[in-house]
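Note that the numbering runs from 1 along the sequence shown for the chain. Whatever order the structure lists them in is the order used to number ligands and atoms, beginning at 1.
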Amino acid sequence: SDLNSDKRHRASDEAQHRPAETLSAHRQLYERNFPLYKQPVEVGFFSLDSHRNFFNDQRKLRYYVEPRQSPDFNLRDGYTNRFVKRDDGVKEKLDHMLKWILANRDKIKTRDQTSSSSSALGVDFVTWRGHLTKVLTTPYETQEGWMLAASKFRGTIYISEVETEAARANRVTRSERQEEMMYWGYKFEQYTCADDVNGTPDPGGVVNTNEAFCTVVQTRLADHKLLFSGEVDCRVRDDAVPAPGCYVELKTSAEICTPKQRSNFHRYKLLKWWAQSFLPGVPQIVAGFRDHDGIVVSIETFQTSKISQLIKNEQNCWKPTVCMNFCNDFLSFVKSVVKEDDPRLVYLLEWEPHRDVTYTVHRDSPFTFLPEWFVKDTRS
Ligand code: 0WD
Ligand code: CA
């Protein structure tokens, strides 16, 4: 890449009375009162089929079917003969969300009714839920950094992840064991989800990881109006429960046999699970605990709202308020940095563990991610 040719902004600028150009991720700085986070509202959804084609409907939404108490699911079954894997070398960036926006801009709720007829969306940020999860967990992350590309278009800042060199290296050198274990999570979904509200799961079918159902939610974190989308595994069958409260997140994890394993589960895994489900307002997480051979030995349901109580006995544990305050300050930082309204201009925000967040600026570079079909006017 052309990173070295760009100006790298540093904290020393601050001493010279320029606006802050780096952001610290030290957790102690974010121990304040919990910021306002409005109840997320589902404003739409979309589906991706087995060929990653976009559909503006719920066709890929599945229904949760509660398993027996000791289910003996074999997560290795069907690997590799009944498995179609999504090509994770293809970077889709925000494209599916942008398609949703073009088809549904009237569904976005704006207090100011004049903006619904103007070209502005009336939100500050558009991104994937998964990108926000990474921001939330940053003050506690010690292993993996991130790169987020940001561009402003008609007053809204779009944020799309860029794969780091380290993440790419991990992806292309995954062991056969790692590849198989990635399948286990999807196989668990197949054991616990039915395609129809009165159907039963079909563990004999093909697992195709191209297929997805995504919810689109709107919410506000302090001063920041957010519109983001996240993939949802399934919903409860009871149709009286409105979205996103009806959604269920499915997870698999190694069975917990020692106090050390329990502590690690609380400190690291529950942080990621909590952040991911809290953001879109998904209230429950169903975890399948599996042994070394991929057999599910127990199932446990976690209420997202109770996870922070659950971890309070752990010393030096993560705090939701630190995650949310960091995210709030990060978004304020992005607003202060991303000033120019130009979809061909990318502000690349980068973070590595034990470092501050920094940024570089790139015009008409390979980092540009808002496509021509989105920025050329298709509105009235
Ligand atoms: O970098 C990314 N995360 C990108 C995601 C880049 C481009 C596209 N996407 C989109 C896809 O359209 C996908 O349908 O990601 C959607 C999921 O987005 P998300 O909900 O914001 O992502 P995240 O919360 O990280 O992951 C949710 C689920 C995962 O489940 P688990 O239980 O493992 O957290 O989405 C799957 C995975 O099953 N997933 C992905 N699917 C497609 N592309 C991706 C990905 N890059 N990452 C996770
Ligand atoms: Ca999942």
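The shortest separation from a heavy atom of His131 to ligand 1 is under 4.0 Å, placing the residue in contact. Ligand 1 has at least one atom lying under 4.0 Å from a heavy atom of Leu48. The closest approach between a heavy atom of Glu163 and any atom of ligand 1 is not below 4.0 Å. The shortest heavy-atom distance from Phe228 to ligand 1 is not under 4.0 Å.
Contacts of Ser160 with ligand 1, taken as heavy-atom pairs under 4.0 Å, are absent altogether. Here Leu250 has backbone heavy atoms under 4.0 Å from ligand 1, and that is the only part of it that gets that close. Counting heavy atoms under 4.0 Å from ligand 1, residue Lys93 touches it through the backbone alone.
The protein atom (non-hydrogen) at minimum distance from atom 41 (N) of ligand 1 is Glu231 OE1, 3.5 Å. Nearest protein heavy-atom neighbour of atom 29 (C) of ligand 1: Gln276 NE2, 4.6 Å. The nearest protein atom to atom 11 (C) of ligand 1, hydrogens excluded, is given as Arg52 NH2, 3.1 Å; this is a heavy-atom distance. Scanning all protein heavy atoms for the shortest distance to atom 46 (N) of ligand 1 gives Arg86 NH2, 3.5 Å. The protein atom (non-hydrogen) at minimum distance from atom 21 (O) of ligand 1 is Gly130 N, 2.6 Å. Of the protein's non-hydrogen atoms, the one nearest atom 18 (O) of ligand 1 is Trp128 CE3, 3.6 Å.
Residues Phe46 and Phe55 keep their aromatic ring centres 6.0 Å or farther apart. Aromatic ring centres of Phe265 and Trp273 lie closer together than 6.0 Å.
For Arg290 and Asp293, the salt-bridge test fails: no basic side-chain N is under 4.0 Å from an acidic carboxylate O. Contact check on Arg52 versus Glu92 returns a salt bridge, with a Lys/Arg side-chain nitrogen under 4.0 Å from an Asp/Glu carboxylate oxygen.
Shortest non-hydrogen contact noted between Asp356 and Ser24 is OD1-CA, 3.5 Å.
Note on ring orientation: taking the six-membered ring where Trp is involved, the planes of Phe278 and Trp274 are parallel (angle under 30°, cut-offs 30° and 60°). The aromatic rings of Tyr359 and Tyr347 lie tilted to each other, with the angle between the two planes from 30° to 60°.
Trp128 is not connected to Phe45 by any chain of hydrophobic side-chain contacts under 4.5 Å among Ile, Leu, Val, Met, Phe, Trp and Tyr, and they are in different clusters.
Other residues, nucleotides and ligands place no more than 12 heavy atoms under 6.0 Å from the CZ atom of Arg344.
Note on Asp233: its N/O/S atom closest to the Ca ion (ligand 2) is OD2. Closest to the Ca ion (ligand 2) among the N, O or S atoms of Glu249 is OE2.
Taking each of Arg129, Met97, Glu161 in turn, the one with a heavy atom nearest to atom 24 (O) of ligand 1 proves to be Arg129.
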